[in-house]
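Below is one structure, written out as C-alpha cells; the observations come after it.
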Amino acid sequence: MAVILEKNYSRCQVTLENGIDNEGNPIFVSRTFGRIDPETTHQDLYDVMQVLLELQELPVRVLRRLDDGELIAE
C-alpha cells in the first residue's frame with residue numbers, strides 16, 4: 001500500500017538574528033509568509049524570498065519551506 005501526500009498549502013519561515021543577549025548569545029526572531037501555492041518550485045520560492053529579504057535589515061540565519069498536507073493511503 002502506497003501513501004501519498006495530498007498538499008494543502010505551503011509556508012516559508014525565515015529566522016533572523018536580532019542582536020545579542022547579555023551572555024553573548026544571538027537572539028533570533030522568526031517571520032512566516034503564508035498562502036504559498038504548494039506547486040511552487042523550491043527555486044522559485046527561494047528567488048522570491050531573496051528579493052523580499054533584500055528589504056530586511058536583520059541578518060538572515062535560516063530559510064525554511066513548510067509544506068502541509070494530508071497523508072492518504074492508495
Side-chain angles (χ1 to χ4, degrees):
M1 171 172 68
V3 177
I4 62 168
L5 176 67
E6 185 177 290
K7 297 178 183 178
N8 290 335
Y9 61 89
S10 292
R11 295 171 291 156
C12 189
Q13 182 184 56
V14 181
T15 302
L16 307 164
E17 191 171 330
N18 191 23
I20 297 176
D21 67 11
N22 294 336
E23 297 175 2
N25 300 314
I27 300 170
F28 299 111
V29 295
S30 293
R31 301 288 181 258
T32 303
F33 299 86
R35 302 183 57 91
I36 297 170
D37 185 343
E39 301 303 319
T40 302
T41 66
H42 299 314
Q43 185 66 53
D44 287 344
L45 179 57
Y46 183 83
D47 292 343
V48 168
M49 291 307 299
Q50 290 303 310
V51 172
L52 287 175
L53 293 174
E54 287 179 7
L55 303 171
Q56 176 60 49
E57 295 178 8
L58 300 175
V60 177
R61 293 290 294 229
V62 178
L63 182 62
R64 290 184 179 92
R65 180 179 181 147
L66 307 169
D67 290 323
D68 184 61
E70 185 176 337
L71 293 175
I72 299 173
E74 288 189 317

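Please read all numbers here as calculations on a predicted model, not as lab measurements.
Listed by chain and number, the residues in a side-chain hydrogen bond (donor to acceptor under 3.5 Å, both in side chains) with T15 are R64 (sequence neighbours excluded).
Remark: F33 CZ is packed, more than 12 non-hydrogen atoms of other residues, nucleotides or ligands lying under 6.0 Å away.
Both V14 and V29 are members of a single hydrophobic cluster when ILVMFWY side chains are connected at heavy-atom separations under 4.5 Å. In the hydrophobic clustering of ILVMFWY residues, with side-chain heavy atoms under 4.5 Å counting as a link, L52 and V62 come out apart. One hydrophobic cluster, built from ILVMFWY side chains closer than 4.5 Å, holds both L16 and V48. Note: the hydrophobic cluster containing L5 also contains V3 (ILVMFWY, side chain heavy atoms under 4.5 Å, direct or indirect links). Criterion: ILVMFWY side-chain heavy atoms under 4.5 Å apart, direct or through other members. Under it, V60 and L45 are part of a common hydrophobic cluster.
The list of salt bridge (charged side-chain N to carboxylate O under 4.0 Å, His left out) pairs with a residue in residues 50-61, not counting sequence neighbours, reads E17-R61. Among residue pairs with one or both ends in residues 31-44, those qualifying as side-chain hydrogen bond (donor to acceptor under 3.5 Å, both in side chains) are T41-D44, H42-R65, Q43-D47; sequence neighbours excluded.
Here CD1 of I36 is found 12.5 Å from CG of D68. Values are rounded to the nearest 0.5 Å. Atom CD in Q13 sits 9.5 Å away from atom CG in L63 (nearest 0.5 Å).
Residues R11 and G34 come closest through the heavy atom pair CG-CA, 4.0 Å. When every heavy atom of S10 is checked against every heavy atom of P38, the shortest pair comes out as OG-CA, 3.5 Å.
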